[in-house]
Amino acid sequence: MDRFVVRRARCPESPRRAAPAPRAYRQATLESLKRVVVVEDIKRWKSMLELPGQPKENLIEALEELKKKIPSKEVLISTKIGHTVNKMRKHSDHDVASLAKDIYTEWRTFVKDHSNKPSIEVRSDPKTEAFRKNARKLLCEALDLEIDHPLAENIEREAFHLSSRLISAPYRRMVRALVFSLKHKPEIRAEVKTGTLTVRAFVQSHKK
């Protein structure tokens with residue numbers, strides 16, 4: 001029967017069309033929304049902007065994070081972040097001043113046009129705030145600075161941020177370690193106070 005079967009040369013397979021890659025969707029979290037404002041983050045970025053001697057990259061980072069948010073009029077008033085950003089418009093660095101100007105203009109326009117539009121605000125409870133206030137007091141004493149000094153506030157806010165904004169065991173351990181280093185290691189205390197050792201680097205070095 002083979003002689004009745006017509007055999008043809010096998011043709012090279014035509015290149016198959018690659019299947020399109022599945023589109024990756026990034027699920028938005030509540031905090032990533034522009035009108036959802038975590039007040040602690042606003043205060044943390046504000047303290048970064050106000051601390052003297054901050055490197056440019058820290059100022060740009062804080063402003064870029066602020067640009068992602070539109071605080072309500074109430075938050076702008078209670079935190080005074082609008083006043084801080086407004087002052088940054090006169091910064092000697094052009095990039096910093098330009099970014100601050102963009103943010104200030106966007107916020108002012110939005111508040112003017114949507115003054116009655118509510119926003120979602122996330123705040124710490126009084127017990128948490130009291131605990132953190134005590135931590136800052138200990139840091140001020142270790143730094144040999146007056147109470148409520150902005151440097152101590154920056155250190156505490158960075159520690160709180162690295163602890164996922166929770167008064168947890170890691171946060172308590174970190175604060176104790178930071179206080180110990182500042183109190184018993186004069187060379188580190190001097191570097192932190194002069195800005196030679198940045199707040200972020202100092203705090204991250206004590207993260208357990």
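Computed over heavy atoms, backbone and side chain alike; hydrogens, waters and symmetry mates excluded.
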**Report entry** Rounded distance [0.5 Å steps], CG in Leu76 versus CZ in Phe110
**Finding:** 10.5 Å
Requested in this report: Might you confirm whether atom NE2 of His94 has over 12 heavy atoms from other residues, nucleotides or ligands at distances under 6.0 Å?
Outcome: no
Query raised in the report: Angle class for the His206/Phe202 ring planes (parallel below 30°, perpendicular above 60°, tilted otherwise)?
Result: perpendicular
Report summary line: In terms of heavy-atom contacts, Ala159 and Leu178 come closest through CB-CD1, 4.1 Å
Query - Met88 side chain reached by Leu49 side chain, heavy atoms, under 4.5 Å - result: yes
Requested in this report: Give a yes or no on whether a salt bridge exists between Glu64 and Lys68, defined as a side-chain N under 4.0 angstrom from a carboxylate O.
Outcome: no
Query raised in the report: Looking at Asn58 and Met48, what are the two nearest heavy atoms and their distance?
Result: O-CE, 3.7 Å
Requested in this report: Taking the side chain as every heavy atom from C-beta outward, state whether Glu106 and Thr109 have any pair of such atoms under 4.5 Å apart.
Outcome: no
**Report entry** Arg108 and Tyr104, any side-chain heavy atoms less than 4.5 Å apart
**Finding:** yes
Query raised in the report: Can you name the closest pair of heavy atoms from Lys193 and Asp144 and give their distance?
Result: NZ-O, 4.1 Å
Query raised in the report: Is it true that Phe131 and Val39 fall in one hydrophobic cluster, defined by side-chain heavy atoms closer than 4.5 Å?
Result: no
Query raised in the report: With a 4.5 Å limit on heavy-atom distance, are the side chains of Leu63 and Trp45 in contact?
Result: no
Requested in this report: Taking atom types as modelled, find out whether Asn154 and Arg157 have a side-chain donor-acceptor pair closer than 3.5 angstrom.
Outcome: no
Report task. Please test Lys133 against Glu129 for side-chain contact (heavy atoms from CB on, under 4.5 Å), starting from the C-alpha separation and ending with a verdict. Result -> CA-CA 6 Å; Lys133 185 176 181 179; Glu129 286 300 317; over 6 Å; no
Query - Inter-residue atom distance His83.NE2 - Ile81.CD1, 0.5 Å rounding - result: 10.5 Å
Report task. Any chance you could lay out the side-chain contact (heavy atoms from CB on, under 4.5 Å) test for Glu50 and Lys87, step after step, and finish with the verdict? Result -> CA-CA 10 Å; Glu50 293 180 343; Lys87 287 177 62 178; over 6 Å; no
Query - Sidechain N-carboxylate O distance under 4.0 Å for Glu40, Lys43 - result: no
Report task. Output yes when a side-chain donor or acceptor of Thr194 lies under 3.5 Å from a complementary backbone atom of Glu191, and no otherwise. Result -> yes
Report summary line: CD1 of Ile155 to NE2 of His149, rounded to nearest 0.5 Å, is 10.0 Å
Query raised in the report: How far apart are the C-alpha atoms of Lys56 and Ile60, what are their side-chain angles, what is the distance that settles it, and do they pass the side-chain contact (heavy atoms from CB on, under 4.5 Å) test?
Result: CA-CA 6 Å; Lys56 176 181 176 179; Ile60 292 292; 4.0 Å; yes
Query - Least distance between heavy atoms, Ile42 atom then Pro71 atom - result: CD1-CG, 4.3 Å
Report task. Would you kindly check if the NZ (Lys) or CZ (Arg) of Arg44 is within the cone defined by 45 degrees around the ring axis of Phe160 and under 6.0 Å from the six-membered ring centre? Result -> no
Query raised in the report: Are side-chain heavy atoms of Val38 and Arg165 found at a separation under 4.5 Å?
Result: yes
Query raised in the report: Under 3.5 Å, is there a donor-acceptor pair between the side chain of Thr198 and the main chain of Ala201?
Result: yes
Query raised in the report: Between atom OG of Ser163 and atom CE of Met174, what is the distance when rounded to the nearest 0.5 Å?
Result: 4.0 Å
Requested in this report: May I have the step-by-step check of side-chain contact (heavy atoms from CB on, under 4.5 Å) for Val175 and Arg172, ending in yes or no?
Outcome: CA-CA 5 Å; Val175 169; Arg172 291 184 173 91; 6.0 Å; no
Query - Heavy-atom pair of closest approach, residues Val179 and Leu138 - result: CG2-CB, 4.0 Å
Query - For Arg132 against Ser124, the heavy-atom pair lying closest together - result: NH1-OG, 4.2 Å
Query - CG (Asp148) with more than 12 external heavy atoms under 6.0 Å - result: no
Report task. Would you mind reporting whether Asp93 and Leu59 have side-chain heavy atoms less than 4.5 Å apart? Result -> no
Query - Gap separating the CG atom of Asn134 from the CD atom of Glu156, nearest 0.5 angstrom - result: 10.5 Å
Report task. Apply side chain to side chain donor-acceptor pair (under 3.5 Å) to the pair Ser47 and Glu153, showing each step before the final yes or no. Result -> CA-CA 7 Å; Ser47 67; Glu153 178 186 352; 4.6 Å; no
Query raised in the report: Is a salt bridge present between Arg200 and Glu61, judged by a nitrogen-to-oxygen distance below 4.0 Å?
Result: yes
**Report entry** CG on Asp102 to NZ on Lys67, rounded to 0.5 Å
**Finding:** 5.0 Å
Query - Salt bridge present between Lys69 and Asp41 (N-O < 4.0 angstrom) - result: no
Query raised in the report: Side-chain donor-acceptor pair under 3.5 Å between Asp125 and Thr128, yes or no?
Result: yes
